[in-house]
Amino acid sequence: MTTKTFITFPDASQAKRSLLDMDEQQLADFLAELGEPKFRARQTWEWIYKRYAGDFAAMSNLPKALRARLAEVATVAPLTLATEVVSADRDTVKCLFQLHDGQTIEAVLMLYDQRRTLCISSQAGCAMGCTFCATAQGGLARNLTPGEIVAQVLYFARYLADPALPPDTDVERPAQVTNIVLMGMGEPLHNYANVWTALRRITDNDAFGLGARHITLSTVGLAPMIDRMADEGLQIGLAVSLHAPNDELRTSLVPVNKGYPVDEVLAAVRRYVAKTNRRVTFEYALMRGINDTPELAEEMAAKLQGILCHVNLIPLNPIPDSPFQPTSDEDTERFAQILRAAGIPATVRLRRGIEINAGCGQLRRAVVGKAKAS
Ligand code: SAH
């Protein structure tokens, strides 16, 4: 594994306007304020979303004076790389980014056979308080803006498109992001409006243009927001972090279960499937002696009967100072078999990126936590 830590700021871009937080009309208005004609908005837009320009200097069909002026007052890269970790097999790249106010967020690029899957964050920190999750431990700092969410995608689009960018890997360098999962830091449905503005920008053919079906949003299960999502008319995949089939156990692991108990979440999921026709994924982090017994597998299978779904079993990524340990491979397979035998498709997710702290919130904890302690 290779770790590179770059100089961190807080930098002066705080006062700069992020063009990624603007739609095309807002961008045109902004450029009009600078005395520019309307067509400059289209040119700038295409540099950002079609050519992944990371700075104004690259925007070669804009007048030099305008590029210099924009660089003074605006930014197209509202996040800066703070730490980059590449796995030993070089097919997972994890980045810790710093935002203009010093907050840090994580994003991970995973190079599968033909897929280039990006895992991005929706909030700096998280308010949900799941007891086994590293992000939860720091609480919520703030919501990410739409531009900060989109910026993570553009960063990796640029990374994949530009073979000169570090680090070199042995993996054949794919040209584009093919899949995105909102499974990084934060609860996407707790930052609903900004996340959906970002998702529209990511899926809009006129902007980034990735098909909605290639995107999955993972939620702790905020039931009313799942309904809202079903009404958006975009075929975004839904993943729900269940982790337990009954309220008593689930509340002890996922405290928001108090407000949105299992049956309510599952009812919202059924409505989502009915509206979108998409198979829903249930995530289940297996913790030794906590939620991994055969009885719980049976209970889980019974609960999910009749739902067009798939269960993703993930042996827990252990986090420091936590009492929770991963279930053994044997017990994980047993749990999966029980689900399958009851007709519920189940797969065991690879523990990808575990050596590079690619579990939720773990890199930030390792880097920022260390900095704080020293
Ligand atoms: N807030 C959203 C998305 C972020 S977390 C959600 O709850 O779904 C993405 C997934 O990682 C969730 O299923 C979450 O429960 C899981 N997760 C968090 N910490 C983990 C850990 N230590 N090991 C395994 N999975 C973990």
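Counting starts at 1 for both ligands and their atoms, following the listed order.
- Ligand 1 is never approached by Ser322 to a heavy-atom distance shorter than 4.0 Å.
- Atom CD1 of Ile314 sits about 10.5 Å away from atom OG1 of Thr332, to the nearest 0.5 Å.
- Where the criterion is an N or O separation shorter than 3.5 Å, residue side chain and backbone included, Gly186 meets it with respect to ligand 1.
- Checked against Met185 for a side chain to side chain contact (heavy atoms under 4.5 Å, CB included), the options Leu144, Thr135, Leu140 give a single hit: Thr135.
- A donor-acceptor pair under 3.5 Å is formed between the side chain of Asp292 and the backbone N or O of Gly289.
- With sequence neighbours excluded, the residues satisfying side-chain contact (heavy atoms from CB on, under 4.5 Å) with Ala239 are Met183, Thr216, Ser218, Thr281, Glu283.
- Taking only nitrogen or oxygen atoms, main chain and side chain alike, Pro188 does not reach within less than 3.5 Å of ligand 1.
- At least one heavy atom of His243 sits closer than 4.0 Å to an atom of ligand 1.
- The side chain of Glu283, and not its backbone, has at least one atom closer than 4.0 Å to an atom of ligand 1 (non-hydrogen atoms only; side chain from C-beta on).
- With sequence neighbours left out, the ring pair (Phe, Tyr, Trp, His ring centres under 6.0 Å) criterion links Tyr52 to Phe208.
- Remark: side-chain polar atoms of Arg116 are not paired, donor with acceptor, to backbone N or O of Leu111 under 3.5 angstrom.
- For ligand 1, the atoms sitting less than 4.0 Å from at least one non-hydrogen atom of Cys133 are 18 (C), 19 (N), numbered in the order shown with element in parentheses.
- Here is the list of ligand 1 atoms found below 4.0 Å of a heavy atom in Val220: 6 (C), 7 (O), 8 (O).
- Only backbone heavy atoms of Thr219 (N, CA, C or O) come within less than 4.0 Å of ligand 1; its side chain stays farther off.
- Screening Arg42, Arg201, Lys50 for a side chain to side chain donor-acceptor pair (under 3.5 Å) involving Asp206 leaves a single residue, Arg42.
- When non-hydrogen atoms are compared, ligand 1 lies under 4.0 Å from the backbone of Phe132 as well as from its side chain.
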